[in-house]
Amino acid sequence: SFGYVLLGVLIQNVTGEFANDYIINHIAKPLGMTETAFHPTREMLSKHLIYDEEYEKYIERSIKQNEQGLPSEDDATIWKQVPRTAGGLHSNVLDLIKFAKMLCNGGRYKDVRILGRMSIEKMAEHQLVHMPDFCWGNKGRDRLYGLGPDLRRGVAIITSEKFFFHEGSG
């Protein structure tokens, strides 16, 4: 995840726009991803899957903060200055399908170019050559990772050369 934080800083340095804002303005909005945000609305929060009591309390606090116009817990700390590119984006399946279609169409969604073709190609190219991987019992074999997407192949991971995936929060 730290690499994604660095990616957010890089986006900001190159574009002059805070990475969270850049991603929403130049990727999510052009794709019509209306249920995708770094700061989810009350309605979006109410649709979250609650997987334990601690997360349920976090969602309840976040909804209360939204209703009262208070800053989120993260906004009250140094984390407000750090891009949320390492796991702070909230979305739903329908919006993620739009994003996936764009990736599968070489950076285009409908008639709109969202990402350059070469960016998509680099995302799908193995970037961590000779980098040992000990995640999920991999025993130090090369980690197959592109610029974001996971490129592993195998019996338990049903993918093809044109398939993008990321294990999420693992």
Side-chain angles (χ1 to χ4, degrees), residues 1-31 33 35-40 44-45 48 51 54-55 58 62 65 71-93 95-109 112-154 157 159 161-170:
S1 290
F2 184 69
Y4 284 104
V5 173
L6 293 176
L7 174 62
V9 172
L10 181 64
I11 290 169
Q12 183 172 337
N13 287 342
V14 169
T15 67
E17 192 173 354
F18 190 56
N20 300 8
D21 298 330
Y22 185 87
I23 291 166
I24 296 299
N25 293 333
H26 299 278
I27 297 174
K29 283 183 180 178
L31 285 170
M33 296 173 70
E35 294 288 319
T36 299
F38 285 99
H39 295 286
M44 288 173 68
L45 287 167
H48 274 226
Y51 49 83
E54 183 179 332
Y55 192 69
Y58 168 78
S62 296
Q65 288 164 337
S72 72
E73 293 173 14
D74 289 341
D75 286 346
T77 69
I78 192 169
W79 291 108
K80 181 179 182 176
Q81 301 168 32
V82 177
R84 306 278 313 257
T85 47
L89 190 63
H90 299 254
S91 195
N92 68 14
V93 174
D95 275 5
L96 291 175
I97 288 170
K98 293 174 185 177
F99 185 77
K101 284 181 177 180
M102 180 270 300
L103 290 176
C104 291
N105 288 320
R108 295 185 74 82
Y109 182 71
V112 179
R113 165 85 42 211
I114 306 296
L115 295 176
R117 181 187 51 79
M118 288 180 63
S119 295
I120 302 296
E121 289 173 7
K122 287 294 180 189
M123 288 172 71
E125 186 179 298
H126 184 182
Q127 302 292 328
L128 297 178
V129 179
H130 305 299
M131 179 69 65
D133 177 19
F134 296 96
C135 183
W136 305 109
N138 204 28
K139 300 180 178 145
R141 293 186 297 267
D142 268 0
R143 177 69 160 136
L144 297 174
Y145 231 129
L147 292 177
D150 202 324
L151 303 176
R152 289 177 289 175
R153 312 276 185 258
I157 303 168
T159 65
E161 294 297 320
K162 297 289 183 184
F163 192 90
F164 292 88
F165 88 98
H166 190 280
E167 65 191 24
S169 61

Quiz item: Quick one: does H26's side chain get under 4.5 Å of T15's, heavy atoms only?
Solution: no
Exercise. Work out which heavy atom in A19 is nearest to a heavy atom in T85; give both atom names and the distance.
Key: CB-CG2, 4.0 Å
Quiz item: Should I114 and F99 count as side-chain neighbours, where that means a heavy-atom distance under 4.5 Å?
Solution: no
Quiz item: Quick one: CE on M102 to CZ on R108, what's the gap to the nearest 0.5 Å?
Solution: 12.0 Å
Practice problem: Return the minimal non-hydrogen interatomic distance between L31 and K98, and the atom names on each side. | Solution: O-CD, 3.3 Å
Quiz item: What are the two closest non-hydrogen atoms of L45 and P40, and how far apart are they?
Solution: CD2-CG, 3.5 Å
Practice problem: Supply the atom-to-atom distance F18 CZ to I23 CD1, rounded to the nearest 0.5 angstrom. | Solution: 9.5 Å
Quiz prompt | T36 (side chain) donor-acceptor with S91 (main chain) under 3.5 angstrom | solution = no
Quiz item: Could you state the interatomic distance from CD (E35) to CG (L96), rounded to the nearest 0.5 Å?
Solution: 11.5 Å
Self-check item: Y109 side chain reached by K101 side chain, heavy atoms, under 4.5 Å
Solution: yes
Self-check item: Nearest non-hydrogen partners of M33 and D95, listed with the distance
Solution: C-OD2, 3.0 Å
Quiz item: How many angstroms lie between NE2 in H39 and CE in M44, if you round to the nearest 0.5 Å?
Solution: 11.5 Å
Exercise. Determine the minimum heavy-atom distance between L115 and R113, stating which atoms define it.
Key: O-NH1, 2.9 Å
Quiz prompt | Side chains of K29 and I24 in contact at under 4.5 Å (non-hydrogen atoms) | solution = yes
Self-check item: Nearest atoms (heavy-atom pairs only) where H90 meets F38
Solution: CD2-O, 3.9 Å
